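Note sheet for the following structure.
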Amino acid sequence: MARKIARAPLDYLNMPAMKAWLAGVFIFLYTPLLILILFSFNDSKANVVWKGFTLKWYVKAFENTQLREALFNSLLIAGVCTVISIVLGALMAFAFWRFKFPFKGPLESGMNLPIVVPEICFGVAVLMFFAKIGFPNDLPYPFNLTQIILAHVTFAFPFVAIVVRARLESFNPELEAAALDLGASRYQAFRDVIVPHMKPGLIAGGLLAFTLSLDDFVITFFASGPGTITFPVKVYSMVRFSVTPEVNAASTIIILITVLATVLALRAQSATTKES
Amino acid sequence: MQDWREDKTFFRATIALPVIWFMIFFVAPMAMVWAYSVGENVGPVEVAITGTFSNYAKAFSPEVLKVMWNSVWLALATTVICLVVAFPVALAMTFADEKQKTWLLLLIMLPFWTNLLIRTYALIAVMRTSGVINSGLEGLHNLLGVFGMQMGVFEPLPLLYNKFAVVVGLVYVHLPFMVLPLYAALDRLDKSLIEASLDLGAGHLETIRRVIVPLAAPGIAAGLVITFIPALGAYLTPDLLGGPDDLMIASLIERQFKRANDWPFGAALSFILMYITLIFFAIRAFMERKGGKVGAH
């Protein structure tokens, strides 16, 4: 009873039942991932019983040329997609933040559609589009990744725009007015005053675009021409056949990259909210 | 905010690229799919846009309706389970202190950022016949046998390749979709109303039912839509975790394009999914506007 009084009435986090519930949820969310990582170090192919520590699956994953190529392709696609998405997303965020113009509302809802449209619908549309316009399927590497990059940018840049737009809300327009008063041109003011203010948003949005691109399977599956393999597509074909520690090792590497990108993105974003 | 006419060149310079990109790589492909959805196969690779509704009509044949019903049912079950699981989490997050909030948010979001395929694969490794759960149960079973209990032969639980696996997988993947809007809604609530309810003698459950839920209704609606739509269109999870009878719409669409080669029918199915998505988001937008007006009074 004494403990119950010590807890504030709205301090739900300290309710024993609530703690148990949260623990349950996090066990559900994390156990599969932790087991996946754990067994990437397991010295047994069976993936069930712990037989001792080894790094041989990592060596094997790196010796698997196809897997390595797929991983590199995915990182390359994600990198290029990030750069283009940042530019497009920043421009979109700025234009919608700054200007009033006819059909603004509908256009904005429309441009956010790629975020809400089911992946399968967009994937199919991309497949059809590239087939119908006769997009060359046999470009030399790395240009055969173009279709995938174009598709990824299309769904990634509206996300960047949302993040950057949120950042712009905290911009003090007087700063820009001051720059203009002091003789800067519109473009100089944009480049030297507004873009630096956007920066944390650009970083956070860019990392978001990076993880979205790295994560995507369905759209890549439809957009890729024959012979182009990305990491998720490769893992998909491996998983269909069997569960092997090699896939665990490769997955662990991707998880590491994602966690790193997420932590960096959150840092950039928390810098955003602290200043505003 | 500035009128675009005051600075036309600057306006055009900033908006042109994103809009052009959106038109070419989103609107044009989607328009093509829509055109195909009212077209007919006239040759092995040729399709004539005839304005027919036969592809949509085909979607109402019993076999296809069964898949649709399956998808809706699985997505609904997923959404309801997500709501039940996520609500306490969002509530706890709302009343946690700043530091705990950040950590809880990070813990919820981290799996969300992790590759979908990897997460699905992780679930397979846990749930398959010789996976961690079944091996654990078998160990327990054998242990009880050692202590002289009559246990019979161990039967591994059929955890994978059925509807149960699909729902578990969909909940696993979509839980953050539910937590975030719920948290956003609960966080905005006027906490003194909850305190008042508790002060006036209502219990916690009654406060949740009669104060928190009605006030957070727009957020709950948002969570339901944001979870239901991607769950309905999910491709990977039912494909990898479900059995042959657990097809969902997305797999059916994929088949029309990659195997059956009936693009018009696939396009129609894809647009049925699009229409459902748009209707749900329109309803949500409408409710949000209504909710906003009520709040303003």
Side-chain angles (χ1 to χ4, degrees), chain A residues 9-13 18 21-22 25-26 28-33 35-36 39 47-48 88 91-92 94-95 98-101 111 113-114 116-121 124-129 132 150-151 153-154 157 186 211 214-215 217-218 232 235-236 239 243 247 251 254-255 258-259 262 266, chain B residues 1-4 7 10-11 14-15 17-18 21-22 25-26 28-30 32-33 36 85 88-89 91-92 95-96 100 106-107 110-111 113-118 121-126 128 130 132 135 191 194-195 198 229-230 233 235-236 240 250 253-254 257 263 266 270 273-274 277 281:
Chain A
L10 286 177
D11 194 2
Y12 285 113
L13 197 56
M18 193 63 105
W21 190 269
L22 280 175
V25 169
F26 287 123
F28 171 60
L29 283 179
Y30 282 93
T31 313
L33 288 175
I35 287 176
L36 178 134
F39 280 111
N47 228 338
V48 185
L88 291 175
L91 287 173
M92 177 180 161
F94 177 79
R98 161 56 72 78
F99 294 106
K100 258 194 301 214
F101 52 91
M111 288 179 79
L113 265 186
V116 299
V117 160
E119 279 187 310
I120 186 86
C121 296
V124 161
V126 167
L127 168 80
M128 205 180 246
F129 177 72
K132 281 294 131 189
L150 293 174
V153 170
T154 308
F157 87 83
R186 275 250 176 270
T211 43
L214 203 59
D215 185 28
F217 167 76
V218 174
V235 171
Y236 177 73
V239 168
V243 174
V247 181
S251 303
I254 290 278
I255 292 176
T258 328
V259 169
T262 310
L266 287 178
Chain B
M1 218 171 284
Q2 193 179 14
D3 195 277
W4 73 285
D7 201 342
F10 197 34
F11 170 68
T14 51
I15 205 156
L17 267 178
W21 190 289
F22 168 71
F25 295 113
F26 187 79
M30 285 316 234
M32 264 181 197
V33 179
Y36 261 59
V85 174
V89 178
L91 201 61
F95 296 104
Q100 288 168 329
L106 182 71
L107 280 174
L110 213 51
W113 296 129
T114 309
N115 196 300
L116 174 62
L117 192 63
I118 293 178
Y121 168 69
L123 271 184
I124 293 177
V126 171
R128 75 206 161 105
S130 59
V132 176
S135 322
K191 288 171 187 92
I194 302 166
E195 277 161 4
L198 291 173
I229 292 299
Y235 171 73
L236 208 53
L240 287 175
I253 296 174
E254 186 259 352
F257 282 88
W263 286 24
S270 170
L273 196 54
M274 279 290 290
T277 307
F281 275 95

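These figures come from a predicted structure and were not determined experimentally. Chain letters run A, B, ... following the sequence lines, proteins first and then strands; every chain starts at 1.
- In this structure the side chain of Phe25(B) never reaches within 4.5 angstrom of the side chain of Val153(A), judged on heavy atoms.
- The contact between Leu123(B) and chain A is made by backbone and side chain atoms together, counting heavy-atom distances below 4.5 Å.
- Going from atom CG of Leu29(A) over to atom CG of Leu110(B) covers 10.0 Å, rounded to the nearest 0.5 Å.
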For Thr14(B) and Phe99(A), what are the C-alpha separation, side-chain angles and deciding distance, and is it a side chain to side chain contact (heavy atoms under 4.5 Å, CB included)?
CA-CA 10 Å; Thr14(B) 51; Phe99(A) 294 106; 4.0 Å; yes

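- Of the listed residues (Leu117(B), Leu116(B), Leu106(B)), the greatest number of heavy-atom pairs within a distance under 4.5 Å of chain A belongs to Leu117(B).
- Proximity to chain B is limited to the side chain of Met18(A), based on heavy atoms less than 4.5 angstrom apart.
- Ile124(B) touches chain A through its side chain: at least one heavy atom from C-beta onward sits under 4.5 Å away, while N, CA, C and O do not.
- Contact detail for Arg186(A) and Phe10(B): the closest heavy-atom pair is CD-CD2, 3.5 Å.
- The structure places CZ of Phe11(B) at 12.0 Å from CZ of Arg98(A), a figure rounded to the nearest 0.5 Å.
- At a 4.5 Å heavy-atom cutoff, the contact between Glu254(B) and chain A is made by backbone and side-chain atoms alike.
- For Leu36(A), the part lying near chain B is the side chain, with the backbone staying farther off; criterion is any non-hydrogen pair under 4.5 Å.
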Which is it for Thr31(A) and Val126(B) under the side chain to side chain contact (heavy atoms under 4.5 Å, CB included) test, yes or no, and what are the steps along the way?
CA-CA 9 Å; Thr31(A) 313; Val126(B) 171; 5.6 Å; no

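- Using a 4.5 Å heavy-atom cutoff, the side chains of Tyr36(B) and Lys132(A) are in contact.
- Using a 4.5 Å cut-off between heavy atoms, Pro230(B) does not touch chain A at all.
- For Val25(A), the part sitting under 4.5 Å from any heavy atom of chain B is the side chain, from C-beta outward, and nothing else.
- For the atom pair Tyr236(A) OH and Leu236(B) CG, the distance stands at 6.5 Å (nearest 0.5 Å).
- Heavy-atom distances place the side chain of Phe94(A), and not its backbone, under 4.5 Å from chain B.
- For Trp113(B), the parts lying under 4.5 angstrom from a heavy atom of chain A are both the backbone and the side chain.
- Between Val85(B) and Trp21(A), the shortest heavy-atom distance links the atoms O-NE1, 2.9 Å.
- Ranked by non-hydrogen atom pairs under 4.5 Å with chain A, the options Ala122(B), Ala250(B), Pro18(B) are led by Pro18(B).
- No side-chain heavy atom of Thr258(A) sits less than 4.5 Å from a side-chain heavy atom of Asn115(B).
- Ring planes of Tyr235(B) and Phe217(A): parallel class, angle under 30° (limits at 30 and 60°).
- With chain B as partner, the option from Leu127(A), Val117(A), Thr211(A) having the largest number of non-hydrogen pairs under 4.5 angstrom is Val117(A).
- Of the two parts of Thr277(B), only the side chain, counted from C-beta on, holds a non-hydrogen atom closer than 4.5 Å to a non-hydrogen atom of chain A.
- Contact annotation for Phe26(A): only side-chain heavy atoms (C-beta onward) come within less than 4.5 Å of a heavy atom of chain B.
- Interface remark: Leu17(B) contributes backbone and side-chain atoms alike to the contact with chain A (heavy atom separation under 4.5 Å).
- The candidate with the highest count of non-hydrogen atom pairs below 4.5 Å against chain B, out of Ile255(A), Val247(A), Val259(A), is Val247(A).
- Each of Ile253(B), Val33(B), Leu107(B) has some count of heavy-atom pairs under 4.5 Å with chain A, and the biggest count is that of Leu107(B).
- Ala125(A) approaches Pro29(B) most closely through the heavy-atom pair O-CB, 3.6 Å.
- Residues Ile15(B) and Phe101(A) meet the side-chain proximity criterion, which asks for heavy atoms closer than 4.5 Å.
- Leu214(A) touches chain B through its backbone: at least one of N, CA, C or O sits under 4.5 Å from a heavy atom, while the side chain does not.
- Atom CZ in Phe22(B) sits 12.5 Å away from atom CG in Leu88(A) (nearest 0.5 Å).
- For the residue pair Pro118(A) and Gly233(B), the shortest heavy atom distance occurs at CB-CA, 4.5 Å.
- Proximity of Trp263(B) to Val124(A): side-chain heavy atoms (C-beta onward) are nowhere separated by under 4.5 Å.
- Of the atoms belonging to Val116(A), heavy atoms from both backbone and side chain fall under 4.5 Å from chain B.
- Of all heavy-atom pairs between Cys121(A) and Ser270(B), the closest is SG-O, 3.3 Å.
- Between the CD1 atom in Ile118(B) and the CD1 atom in Ile254(A) there is a gap of 5.5 Å [rounded to 0.5 Å].
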